[in-house]
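First up is the structure itself, then whatever we jot down about it.
Computed from a predicted structure; not experimentally measured.
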Amino acid sequence: MVFGLRFHAALTAILPVRSEVLMARGDCERPLVMADDLELAPALPLGDVLVEELPLDLPYGTMVVMLPDRQMPFSQVLGETVGEALLLAQSLSGIPMEHETDALYIMAHAAMRRAATLGLEGHEVEPQGFCRGLGRTLSRHWLAERRPLLPDPMLFQRSDFLWQRQLAVYLSELDPGFTSPDPLLVPEDLLRVADTPLRLADWAGRTETMLRAVMGAPEREDVPLKTSLAARFNLQ
């Protein structure tokens with residue numbers, strides 16, 4: 001219970017999204033991050049199942065986080081969970097497919113910088129462990145069966161993998177649309193789209209808006225662009 005409360009506080013300090021952290025028993029080997037309206041069966045959303053089975057109040061629009069019920073390095077599992085949440089945000093957004101690798105790369109750097117800031121401020125976040133956890137998630141997404149393309153098979157296990165030139169080279173081979181955005185130009189507060197936790201859809205929408213501003217990607221007609229950030233990467 002205490003771990004869950006500490007974890008929830010740290011997660012919300014990085015991603016301002018309404019979330020519920022649960023400990024999953026059984027064969028759960030890694031963090032799982034899902035929308036509460038995920039349909040487990042036709043007309044049977046995850047949120048309804050959880051409310052029915054657990055003494056739980058789960059407001060609509062909650063991001064459900066399930067953690068393995070075992071001893072885990074706090075910062076590493078936090079980084080792994082944040083990575084899963086970024087993938088969920090990307091799946092819910094309308095970022096054009098040709099810009100998806102850029103978007104995830106930028107969000108990963110923003111999350112890493114936010115975690116580093118929290119560490120410096122005395123919060124229970126150790127940046128190197130966080131980055132290794134983030135690497136575990138991104139390696140599952142970016143590597144899959146493409147591992148032979150990676151010169152260093154241990155790259156994603158390094159606590160500085162995001163800053164390695166070989167990562168940018170690999171992503172360029174993986175996705176011809178990848179533009180190798182400069183990490184130094186990624187705003188630290190890119191993911192801080194609200195002062196209080198938002199519903200999942202609202203958080204994903206605002207994050208998409210920020211990403212489009214930073215990448216210079218075409219604005220969606222149904223999502224007004226309200227940000228003071230200049231376009232830093234010309235992807236049009």
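Taken from CD1 in Ile106 to OG1 in Thr207, the straight-line distance is 12.5 Å, to the nearest 0.5 Å. Between atom CG of residue Leu138 and atom CG of residue Leu104 there is a gap of 5.5 Å, rounded to the nearest 0.5 Å. Expressed to the nearest 0.5 Å, how far CG of Asp175 lies from CD of Glu100 amounts to 8.5 Å. One distance of note links CG of Leu191 with CG of Asp189; it measures 9.0 Å at 0.5 Å rounding. Interatomic distance, CG of Asp102 versus OG1 of Thr179, reported as 3.5 Å (0.5 Å rounding).
Taking the six-membered ring where tryptophan is involved, the planes of Phe156 and Trp142 are tilted, since the angle between them lies from 30° to 60°.
Between Met210 and Val193, the closest side-chain pair of non-hydrogen atoms falls below 4.5 Å. Counting only heavy atoms from C-beta outward, the side chains of Arg18 and Leu200 never approach each other to under 4.5 Å. Side chains of Leu50 and Leu22 form a contact here, defined as non-hydrogen atoms less than 4.5 Å apart. When side chains are defined from C-beta on, Asp36 does not count as touching Pro45, because their heavy atoms never get closer than 4.5 Å. Contact check for Thr101 versus Leu174: no side-chain heavy atoms found under the 4.5 Å cut-off.
Closest of all the heavy-atom pairs between Ala194 and Pro16 is O-CB, 3.7 Å. Summarising the geometry of Thr81 relative to Phe7, their closest heavy-atom pair is OG1-CZ, 3.3 Å, with the distance given to 0.1 Å. Scanning all heavy atoms of the two residues, the minimum distance from Ala13 to Leu118 falls at CB-CD1, 3.8 Å. The two atoms that bring His109 and Pro183 nearest to each other are CE1-CB, 3.4 Å, heavy atoms only. Residues Cys131 and Phe161 approach most closely at O-CE2, 3.3 Å, considering heavy atoms. Of all heavy-atom pairs spanning Leu211 and Ala103, the tightest one is CD2-O, 3.9 Å.
Every residue meeting the side-chain hydrogen bond (donor to acceptor under 3.5 Å, both in side chains) condition with Arg136, not counting sequence neighbours, appears here in chain and number order: Glu80. By the salt bridge (Lys or Arg N to Asp or Glu O under 4.0 Å) test, Asp152 is found to be paired with no residue, residues two or more places apart in sequence or in another chain being considered. When the side chain to side chain contact (heavy atoms under 4.5 Å, CB included) test is applied to Ala204, the partners found at least two apart in sequence or on another chain are Leu92. The salt bridge (Lys or Arg N to Asp or Glu O under 4.0 Å) search around Arg30 returns Glu84, not counting sequence neighbours. Listed by chain and number, the residues in a side chain to side chain contact (heavy atoms under 4.5 Å, CB included) with Ala116 are Pro127 (sequence neighbours excluded). A search for side chain to side chain contact (heavy atoms under 4.5 Å, CB included) contacts involving Ala89 returns Trp203, not counting sequence neighbours. Checked against side-chain hydrogen bond (donor to acceptor under 3.5 Å, both in side chains), Ser19 has the following partners two or more places apart in sequence or in another chain: His8. Annotation: side chain to side chain contact (heavy atoms under 4.5 Å, CB included) contacts of Glu98 (sequence neighbours excluded): Pro96.
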Quiz item: Which is it for Leu88 and Met34 under the side-chain contact (heavy atoms from CB on, under 4.5 Å) test, yes or no, and what are the steps along the way?
Solution: CA-CA 7 Å; Leu88 177 60; Met34 298 161 285; 5.8 Å; no

Quiz item: Going through the distances and angles, do Leu134 and Leu162 end up as a side-chain contact (heavy atoms from CB on, under 4.5 Å)?
Solution: CA-CA 10 Å; Leu134 189 61; Leu162 277 173; 4.0 Å; yes

Practice problem: Begin from the C-alpha positions of Glu39 and Leu44 and carry the test side-chain contact (heavy atoms from CB on, under 4.5 Å) through to its verdict. | Solution: CA-CA 5 Å; Glu39 289 197 348; Leu44 185 62; over 6 Å; no

Practice problem: Might you work through the side-chain contact (heavy atoms from CB on, under 4.5 Å) test for Leu78 and Ile14, ending with a clear yes or no? | Solution: CA-CA 10 Å; Leu78 178 63; Ile14 298 174; 4.1 Å; yes

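Under the 4.5 Å side-chain heavy-atom criterion for Ile, Leu, Val, Met, Phe, Trp and Tyr, Leu32 and Val82 are members of distinct hydrophobic clusters. Both Tyr170 and Leu155 are members of a single hydrophobic cluster when ILVMFWY side chains are connected at heavy-atom separations under 4.5 Å. No chain of hydrophobic side-chain contacts below 4.5 Å, direct or via other Ile, Leu, Val, Met, Phe, Trp or Tyr residues, connects Met23 to Val49. Hydrophobic clustering, with ILVMFWY side chains joined whenever heavy atoms are under 4.5 angstrom apart, keeps Val17 apart from Leu46.
The backbone N or O of Phe130 sits nowhere less than 3.5 Å from a side-chain atom of Gln76 that would complete a donor-acceptor pair.
Pairs passing the ring-ring contact (aromatic ring centres under 6.0 Å, His included) check and including a residue from residues 173-197, sequence neighbours excluded, read Tyr105-Phe178. For residues 115-135, the set of pairs meeting the side chain to side chain donor-acceptor pair (under 3.5 Å) definition, not counting sequence neighbours, comprises Arg6-Glu124, Thr117-Glu188. Applying the side chain to side chain donor-acceptor pair (under 3.5 Å) test to pairs two or more places apart or on separate chains, those with a residue in residues 157-167 are Arg158-Asp160, Asp160-Gln164.
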Mind listing the side-chain donor-acceptor pairs of residues 52-71 below 3.5 Å, one per line with the distance, residues two or more places apart or on another chain?
| residue | atom | partner | partner atom | Å |
| --- | --- | --- | --- | --- |
| Thr62 | OG1 | Pro59 | O | 2.6 |
| Asp69 | OD2 | Arg25 | NE | 3.4 |
| Arg70 | NH2 | Glu29 | O | 2.8 |

